[in-house]
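Below is one structure, written out as structure tokens; comments come after it.
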Amino acid sequence: MAPPSSGQMRPSRYLFTLAAIFVVLYALVLGTGGGSFRDHLAPKLAIDLAGGTSMILQARTPDGKAPDPGNLEQARQIIERRVNAFGVSEAEVFTQGNDKIVVSVPGQSNDSIRQVGTPAQMRFRKVLAEVTDVAGPAPTATPSGSASPSASGSPTATATPNATATPNATATPNATTPAAAATPGPTPSPTQNALPTLQAVQAKVGGDAYNAANNIDVAAVAQSSLDVTSDTTLMAQLEPFRKLTPEEISVLPYNIQFVVPQIGCDALNARPVGSIVDPGQRAVACGAEGSNLTGTKLLLDVAKAVGTDLSNAQANIDQSSGVGQWQIDLTFSSSGADKWQAVTSEAWNNTGDPWTSGAGAAGIPANPNCITTSPSDTDSSRNVCLVAAVLDNEIVTAPAINGVLSTNSRITGQFTKDSAQLLANQLKYGALPVSFEIASLSSITATEGADFLRAGLLAMGVGMILVVAYAFFYYRLLGSVITLSLVLSALLTFGMLVGLGRAMGFTLSLAGIAGFIVSLGVAADSFVIYFERLKDEIREGRNPKVAVNRAWHRARRTIITANAVTIMAAVVLYLIGTSQVQGFAFALGLATTLDLVIVFLFRHPMMTMLARTPAFLSPRVSGLGRLLQHADSGAEGVTRRTRTKEA
């Protein structure tokens, strides 16, 4: 079946349809968003063009394998909520591969974003004993990838007791009279991979040194009746413990971590994330830097309340203080309130496992880690114990409990707005189901981003100029069709970029600009296919109107197939690629799709209209003119030979 004649086509319909698309698209672009006219036309830029911070979090599991996909996705959602809680606009949080999460924050860098990947696993543990850190800096410390935030200053925790409680003043820990004995327990269960085994650590420190540490009377140390540092022979035996890395210290039993003076707070605080998260294990931790417990090792009971028992954590300004100090208000869930009440009841009444010896007034054990309150009208003097709030590996605060508490409590201290909000968000949005460390962290200033943007646009402009120059050199008049097609395609793509940025948060990256540059070659291919097919039709002796129509119908399938292959390749790259590859693939696929729109709604209608003009046949204007002359000469030659034979 022969293709339809060119007279059946009405180019104006196609051109009006394209014009309507432009009107609707730019009406949406200019009618949405805010700011000046320039702001309406500004696409959203990724961090490599606008500046910002990009952080890659590497998941860590005990066996070193990739985490469960469900846990990784849950962690991504939690981190995304934490980032959004800071009010950062245009932030992106997505998984990369099967064990990484990428956090990208365009615009001005926010240092607090670096902390969003910390596990923030809160454990509420009663303080059993404490000892002053005498080890000093740990020369072999290897900090873990993630850091736990702490408030500046000296944070302490107070509570909002129930109606029946009569709170007294809070207290700071008593460093001179620690509590009593402990027996060695099981080894902690760290969640960091590549940790050494306990047997390897024993071999490194030596059997004699390890046995000496394991045989120290922890109860005597806790009661200050045994001064380990005064025993020069024992201290010499324990010296190999000073050479242990934080990873090696994390696998030691908690009693050795507590009693060995060579294991200091620097090394304990640098243990891998998740070293003491097991709520069923007793633990050793130090106060956060700058807190009221800096330089003190504390022996902690099992955790009987955890961060997941919280239903809400909110950073607020303490109006009652009169100085506008930031605090974190904690609200426990119904089941969590019962657990919190049990913990505070033990601390208030000094029950449970007090790790003490002897008895105080009214039959209450004389726990050195408890304070003696002043008598009041409703209560006689009593001992009140400390409860430590342990965030990951560090103690945020360890206040004296001033009553049996239930649902509401608060953490106060020298918090800044950012540190209070960070801690509240970490607690509010839950503990991450997977531990992470920062694999890479890069920041790009706005100036660098502007330089990258100019370089990308310059490269795109040079590529378009080269294509246009070649088109005019080789196709002459037809080069104007190519130029107009590229201009319209660029305008259509630009409008889509702005619209997609507002509708779905799409951001233009340097890789995306590369995708658009590559799409120029794809567009040029479709021109070559069409115009070379047109030349073939004219060589065969057809007039321009017929040749344009036949060339279009024969080249159309090839153009669609070639563009479809490019689009499918872009889809595959987008599905399996990383963020930069995805940006390239999306831009390439979008530009190729829009090029098809221009091919159908502009290029073919324009060629149909040009075929009806005298300039289209001029050898000086159109590259097709000489072909037409040769075709006419060939046709005349055939006519003459035919007439000669007839004569």
- Side chain to side chain, D525 and N563, heavy atoms closer than 4.5 Å: no
- Taking every non-hydrogen atom, the tightest pair across P67 and A59: CG-CB, 3.8 Å
- Please lay out, stage by stage, how L500 and F586 fare under the test side chain to side chain contact (heavy atoms under 4.5 Å, CB included). CA-CA 12 Å; L500 290 175; F586 187 89; 3.8 Å; yes
- Message: On a heavy-atom basis, which atom in R603 and which in S526 lie closest, and how many Å separate them?
- Response: NH1-OG, 2.7 Å
- Message: Exactly one of Q74, E73, E80 should register a side-chain hydrogen bond (donor to acceptor under 3.5 Å, both in side chains) with Q77. Which one does?
- Response: E73
- Note on the structure: Closest non-hydrogen contact found for A547 with E537 is CB-CB, 3.8 Å
- Task: Taking atom CZ of F22 as the centre, report whether more than 12 heavy atoms of other residues, nucleotides or ligands fall under 6.0 Å from it.
- Result: yes
- Message: Has Y26 got a side-chain atom pairing as donor or acceptor with L491's backbone, closer than 3.5 angstrom?
- Response: yes
- Heavy atoms of other groups near M460 CE, more than 12 under 6.0 Å: yes
- Give the minimum heavy-atom separation between F600 and I560, together with the two atoms involved. CZ-CD1, 3.6 Å
- Query: OG1/T593 to CD1/I567 distance, rounded to the nearest 0.5 angstrom?
  - Reply: 3.5 Å
- Task: Compare all side-chain heavy atoms of V599 with those of H604 and state whether any distance is below 4.5 angstrom.
- Result: no
- Interatomic spacing from CH2 in W326 to CG in N316 - rounded to 0.5 Å: 7.0 Å
- Item | Test: R550 and D536 ion pair at under 4.0 Å | no
- Message: Rounded at 0.5 Å granularity, tell me how far CG in L457 sits from CD1 in I513.
- Response: 5.0 Å
- Item | Over all atoms of both residues, closest heavy-atom pair of A591 and F516 | CB-CD2, 3.7 Å
- Query: Which pair of non-hydrogen atoms, one from A585 and one from L573, has the smallest distance, and what is that distance?
  - Reply: CB-CB, 3.6 Å
- Query: Can a cation-pi geometry be assigned to R76 and F94, taking NZ or CZ under 6.0 Å from the six-membered ring centre and within 45° of the ring axis?
  - Reply: no
